[in-house]
Structure formats: C-alpha cells, structure tokens
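This report refers to the structure that appears directly beneath it.
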Amino acid sequence: MHRTEAPAAGGRRRSRALAPGGLPVLGHALLLKRDPLGFLRSLPALGDVVDIRLGPQRAHVVCHPELVRRMLLSPRVFDKGGPLFDKVRPLVGDGLFTSGWQEHRRQRLLVQPAFHPSRMPRYAEVMSEEIERFAGSLREGRPVDLGDALTALTARVTIRAVFATRITAAHVTEVQRCLPVLLDGIYRRMTAPLGVAEKLPTPGNRRFAQARRRLSQVIEQTVGNAARDASGTGGDGAGLLSLLLDAHRGGTGEPGPEPGPAGQGYRPTLGELHDQAMTLLIAGTETTAGVLSWAFHELSVQPGAAGRLRAELDEVLGGAAGRPPGLPDLPRLSYTRRFLTEVLRRYPPAWLLTRTTTEAAELGGAALPAGAVMLFSPYQLGRNPALFAEPDRFDPDRWLPERAGEVPRGAMIPFGSGNRKCPGDELGMTEATLTLAAVASRWRLEPAPGTVIRPLPKAALVTGPLPMIPYRR
Ligand code: HEM
C-alpha cells in the first residue's frame, strides 16, 4: 500500500520546542499526571520533537510520525531502557518486553515462531472455548462490569495460549485472579515519584506482594514440570512457551553460545522461561481487554456503526440464533475488523511508550545526549488532526483499503513498529474480533444508567469501571 509522508508540523521545517507551563522543580510532571491525554494532544502544534521536564529529568516527546518511525527503526541507538524501565524490570523480570537491544535479539528469535499464523488455529480453539464460556455467563437484564469480565476472559485466553495443556484448571483460575492485581500494582509503582508509599504495609501493598508471589510460584511450578517432561515437546507443543521449553530442554539449563541465524544454539535458563511467561501474560491481557472494553462502549454509543456491525454479523453468522464465529469467518468479518481498528486508533492500549538513547544522537535536527529519555504516543498520533481528518469522529471506514492509503506513514502504530513491534498483534486482533462477533451477534449491551466513561490512562488506556446491562437481541 502506498503511504504518504506527513509534512512537518504546520508545514514548517522539522522543529524542536520546549513545552510551556512547566513549574519550578516539578516541570511538566503535574500536567502529565493530571491530564496526560490532553497534554499529549497539545504538543504536536508546538513542534516535531517537544522537550518536557519531569522533575529533574528532561524528556523528549517525538510527535512527528516520520521521526517516530525513524526512531523505532534504529533500535541500537534508541533502545528500551531509562528510568521507567528501571522500575518495571524488577517487577516483571527480563523478558522480551524489557530486554535491551542485544539480549532482545536472541529472545525474539526464539519466541517469534510461536506466533506464526500456522499456530493460530490451536490458539483460536482456546479463544472460542473461553469466549463461549464468557457469553454463556451473561444474564438478561443483570448488570455486569464488562471491563473486569473482559480482563478475566483475556487473562484466561492468554494463560492457556502461553502454557497450552501444561497448566491445571485450578491454576488458570488462580493466575486469572492474580493478574489484574499485579497489573494495577505495576502501574502504580512505575508512576510513583518517590517509591515510598509502595513499601508501606498497607492492605493494597500486601495484596500486590501476595499476587506477585503466588503468580511467580504457579509459573515456576508449571514451567518446571514442563521442563522436566521427558517426552520432549513441552506438553502438546502448541503453547507460546513451547519453543523456549524445547530450547531449554535441548541444553544444560545454562545460557549457551550466541545464537545462529534462527536463534539455534541458545539455551534459555528456567529463570528466563519464568520471565518470558510473566511477560507474555502481562503483555497479552490488559491490552486486548482494553480494546474490547472500548469496542463494546463504542457499540453502545455509535448507533450507525453498531447497525452496520450487526448487519455483517447477521449475514456471516446467521443472526441471534446463529452459530458462534470461528477462524474461517474472519475474512468475511471485514467491517468488524475495521471497527476494531478504529477503536485502536482512538484508544490504543499502549498510549505512551519510551526509548532511551544509547549514544549521542540526532533526530529531526534535534541533538540528543546519550541516555536521553524519548517518549512517543500512539494515542497522540491517532488524534492529530494533521494526520487524521476529524480525529474525534468514530469512522471505521477510514480503514477501507481505498482510504487507508491516505494515512501518513507511521501515524497508526497501536502495535508499535520495527524490531519491537508487538508479536501478539494478530493474536490480539483475532481474539478481539472473535469476542466482539460472538457477543454482539447475540447480545446488545447497554450502559448502566448514569454511567460516564472517560479514558483512564493507566498501564493501558482503559475505560475504568464499565457497568453494562445485557439484553438478548
Ligand atoms: C490488542 C492487543 C495488543 C496491543 C494493542 C499491543 C500493543 C503492543 C505494543 C505497542 C508493543 C510495542 C511496545 C514498544 O514498542 O515499546 C507491544 C509489544 C509486545 N507485545 Fe503486544 N499488544 C497487544 C497484544 C499482545 C498479545 C496478545 C501478546 C502475547 C500474548 C503480546 C505480547 C507482546 C510482547 C511479548 C511484546 C514485546 C515485544 C518485543 O519487545 O519484542 N501483545 N505490544
């Protein structure tokens, strides 16, 4: 598809600016905390790279899609790392998401094949089972917090996709309960300025510590059992972790030599398997649940789009008394897919992402020292009127093939780009499409009276409480 390059902000040369409104000492930290989305949206008008101050730290917000793209395609210079990551790493370990450039390469080579499209039918089976269980739990007229219910659903799907048949049903339920507590706690710790309140023996901190300990134990036990399995294939060989398990079992449990072209020869330790499992559980749960929560919210407030979506579901699946969707239906659910893509533009779960420079660098004419903190925001890009006409309008048809080519290169990156691009993009989109189709073909979910939904920028961009009432169609 031909992509245009967006002009520099306001038709000017690429520019660098310092955001106004910084306070002594705190800089822009309060603005970013009070109204992060509004603050981010105000920056592209100022320049292509906008400097802000977060306390003593200067950070550079890259606003122009072409510069974001350039940054993401230079991972040796713009690597993962920096102060935010230093806080996350001890909590989630050294998995694919947090690892630095060199380590990342061999991890990714080992994990990536587990996301190959040929494996999708096995994952889709798990999804369909869990989606039917979820749809079957809805009761006519009985309010449900859809945000929580969808987090439970995506957690169960991710857990079962990661561990395949290796994990017991009781452990699935236990991990599903621990994950939201962990996700919430990680975000609080990431954004805590001093790191003191998190150490106090409050009930919230105890719950976090307990959830983290228990999750770690279950993962350790599950990974340990699978690793000791003499049959040699990590259970049925179908889980996201199975290739890592195979690589581990092929060796001594100690890190091996540098990998060959396909990562052969590298032997992940049990500790690495644990961190990778934790990473996948964290990365796959709240993101997909966030997209789905927003999708059901939009469905309840966008009557035009909702009508078209239901018409497509009726045609493909046979109406309210029809059959559940499966993988072979996806090519015919094109409006459903466009609907979800538009949700991702408006509410990308990964709303703010970071990089750090490993050496002195230049970006769009801006000189950056080594160790500079770089920020970029898929949310900011998706709401920039210079990149998307009427960005606040919900218009799934922007993603019709003949119109999608108008979107400037690098402007739509809900899954990131370059070597750190989300490996679970198709998995997440498949899960979201099947869930939306299965539920919306049978149920109409209406907001509970008095509910006001605003984007809540946490670790993911979520809806907050989402009380909805199901009615049969
Ligand atoms: C709709 C759902 C999802 C969204 C919007 C999403 C978004 C993202 C984004 C933006 C990144 C790149 C972060 C960066 O560049 O700093 C990422 C990375 C990642 N995602 Fe996803 N994700 C989703 C679902 C999933 C699923 C289902 C899984 C796995 C089960 C997953 C696993 C990962 C992993 C392991 C990484 C780190 C990749 C690396 O650094 O090599 N994600 N995701």
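In listed order, ligands and their atoms are each counted from 1. Quick caveat, the model's predicted, so the values are computed rather than measured.
- Using cut-offs of 30° and 60° for the angle between ring planes, the His28 and Phe39 rings count as parallel.
- Looking at ligand 1, you'll find an N or O of Arg108 within less than 3.5 Å of one of its N or O atoms.
- Some N or O of Lys80 is nearer than 3.5 Å to an N or O of ligand 1, by distance alone.
- With a heavy-atom cut-off of 4.0 Å, Cys422 touches ligand 1 through backbone and side chain alike.
- In this structure, atom 32 (C) of ligand 1 lies nearest to the protein heavy atom Ala283 CB, 3.4 Å.
- Nearest protein heavy-atom contact of atom 12 (C) of ligand 1 is Arg420 O, 3.5 Å.
- Residue contact annotation: Met429 has no non-hydrogen atom under 4.0 Å from ligand 1.
- Side-chain contact between Lys80 and Ser99 is absent, with no heavy atoms from C-beta onward closer than 4.5 Å.
- Thr222 places no side-chain N or O within donor-acceptor distance of the main-chain N or O of Ile167, the cut-off being under 3.5 Å.
- Separation of the Trp101 and His104 ring centroids does not fall under the 6.0 Å cut-off.
- At distances below 3.5 Å, at least one donor-acceptor pair connects side-chain atoms of Thr357 with backbone N or O atoms of Pro369.
- Comment: Glu406 does not engage Arg398 in a salt bridge, judged by the lack of any side-chain N to carboxylate O separation of less than 4.0 angstrom.
- Of the protein's non-hydrogen atoms, Phe415 CE2, 3.4 Å is the one closest to atom 4 (C) of ligand 1.
- Among Gly284, Gly416, Gly290, Ala460, the residue whose heavy atom lies closest to atom 26 (C) of ligand 1 is Gly284.
- Stacking of Arg345 on the aromatic ring of Phe388 is recorded, both the 6.0 Å distance cut-off and the 45° axial limit being met.
- Considering only non-hydrogen protein atoms, atom 37 (C) of ligand 1 sits nearest to Phe97 CD1, 3.6 Å.
- For atom 41 (O) of ligand 1, the nearest non-hydrogen atom of the protein is His104 NE2, 2.6 Å.
- When atom types are taken as modelled, the side chain of Thr288 and the backbone of Thr285 share no donor-acceptor pair closer than 3.5 angstrom.
- In this structure a side-chain-to-backbone donor-acceptor pair under 3.5 Å is present from Thr173 to Ala169.
- For the pair Arg189 and Phe208, the distance from NZ or CZ to the six-membered ring centre is under 6.0 Å and the angle to the ring normal is within 45 degrees.
- Ring centroids of Tyr347 and Tyr379 are separated by 6.0 Å or more, keeping the two rings apart.
- Using a 4.0 angstrom heavy-atom cutoff, Glu431 does not count as in contact with ligand 1.
- Contacts between Leu353 and ligand 1 below 4.0 angstrom, taking non-hydrogen atoms only, involve the side chain exclusively.
- With a 4.0 Å cut-off on non-hydrogen atoms, Ala350 touches ligand 1 through its side chain and not its backbone.
- Neither the backbone nor the side chain of Gln107 comes within contact range of ligand 1; no heavy atom lies under 4.0 Å.
- If you number the atoms of ligand 1 from 1 as listed, the ones under 4.0 Å from a heavy atom of Val291 come out as 1 (C).
- Of the protein's heavy atoms, Arg355 NH2, 2.7 Å lies nearest to atom 15 (O) of ligand 1.
- At distances below 3.5 Å, at least one donor-acceptor pair connects side-chain atoms of Asp329 with backbone N or O atoms of Gly326.
- Atom numbering of ligand 1 starts at 1 in the shown order; those under 4.0 Å from a heavy atom of Pro423 are 19 (C), 20 (N), 33 (C), 34 (C), 35 (C), 36 (C), 38 (C).
- For atom 7 (C) of ligand 1, the candidate residues are Ala161, Pro349, Pro414; the nearest heavy-atom contact is made by Pro414.
- Atom 24 (C) of ligand 1 has its closest protein heavy atom at Thr287 OG1, 3.6 Å.
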